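Only one structure is covered here, and it is reproduced in the block below.
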Amino acid sequence: MSAMEIVILIVAALLTLASAGTIYRIAKGPSLLDRVIAADVLLAIFGAALATEMAMNKHLDNLALLVVLTVIGFIGSVTVARFVAHKKEDG
């Protein structure tokens, strides 16, 4: 087993553990904001998995998908933050 394969196995294990923790937070989050942040983190973990796959196979086929996921995560987080800020101002 090469060093690259060991690194990929470690990264896959860490991403899997992070995904499990994030899914738990989405299911059990005490508030809506916690669940939204966890969903954003899950998108980031998925992006990291895509980047790892591209590095492992030495291609850039999923780069557009990675950029789209990043933009969707950013826009979603900003939208929810603005919604929560307006909600606090109103009541």
Side-chain angles (χ1 to χ4, degrees):
M1 184 175 272
S2 70
M4 182 69 167
E5 291 173 348
I6 292 172
V7 169
I8 288 172
L9 284 176
I10 292 171
V11 169
L14 290 174
L15 289 175
T16 302
L17 287 174
S19 297
T22 305
I23 290 171
Y24 176 78
R25 177 57 58 192
I26 289 172
K28 296 282 185 178
S31 70
L32 175 66
L33 198 55
D34 289 332
R35 289 183 171 121
V36 170
I37 290 171
D40 188 37
V41 170
L42 192 60
L43 272 178
I45 291 169
F46 189 67
L50 277 176
T52 303
E53 191 274 330
M54 288 190 297
M56 184 176 67
N57 294 324
K58 298 179 181 171
H59 66 82
L60 297 175
D61 295 343
N62 296 330
L63 189 60
L65 180 61
L66 183 62
V67 171
V68 168
L69 280 176
T70 304
V71 170
I72 288 172
F74 174 74
I75 291 173
S77 297
V78 169
T79 302
V80 169
R82 290 185 60 93
F83 175 73
V84 170
H86 281 291
K87 197 172 183 178
K88 284 186 178 180
E89 288 175 2
D90 292 340

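Remember, predicted model here, so these are calculated numbers, not experimental data. Position 1 is the first residue of the sequence; numbering continues from there.
The side chain to side chain contact (heavy atoms under 4.5 Å, CB included) check on Thr70 picks up nothing, with sequence neighbours excluded.
A continuous path of Ile, Leu, Val, Met, Phe, Trp and Tyr side chains, each step under 4.5 Å between heavy atoms, connects Leu50 with Val68, placing both in one hydrophobic cluster. Linking ILVMFWY residues whenever their side-chain heavy atoms come closer than 4.5 Å, directly or via other members, leaves Leu42 and Phe46 in distinct clusters. Under a hydrophobic-cluster definition in which Ile, Leu, Val, Met, Phe, Trp and Tyr are linked whenever side-chain heavy atoms come within less than 4.5 Å, directly or via other members, Ile26 and Leu43 are assigned to different clusters. By the rule that hydrophobic residues join a cluster once side-chain heavy atoms approach within less than 4.5 Å of another member, Val36 and Val84 end up as members of one cluster. Using a 4.5 Å cut-off between side-chain heavy atoms of Ile, Leu, Val, Met, Phe, Trp and Tyr, with links allowed through other members, Val78 and Val71 fall into the same hydrophobic cluster.
Residue Met56 comes nearest to Ile8 through the heavy atom pair CG-CD1, 3.1 Å, listed as atom of the first residue, atom of the second, then distance. Contact record, Arg25 with Ala38: CG-CB, 3.6 Å, taken as the closest heavy-atom pair. Nearest heavy atom pair, residue Gly29 against residue Asp34, reads CA-CB, 4.4 Å.
Interatomic distance, CD1 of Ile45 versus OG1 of Thr16, reported as 9.5 Å (0.5 Å rounding). Taking CE of Met54 as the reference point, atom CG of Asp61 lies at 9.0 Å (rounded to 0.5 Å). One distance of note links OG1 of Thr79 with CD1 of Ile72; it measures 11.5 Å at 0.5 Å rounding.
His59 is listed as a side-chain neighbour of Glu53, based on a closest heavy-atom distance under 4.5 Å. At a threshold of 4.5 Å between non-hydrogen side-chain atoms, the residues Leu9 and Met1 count as touching. Two residues are said to be in side-chain contact when any heavy atoms from C-beta on lie closer than 4.5 Å; Ser77 and Arg82 fail this criterion.
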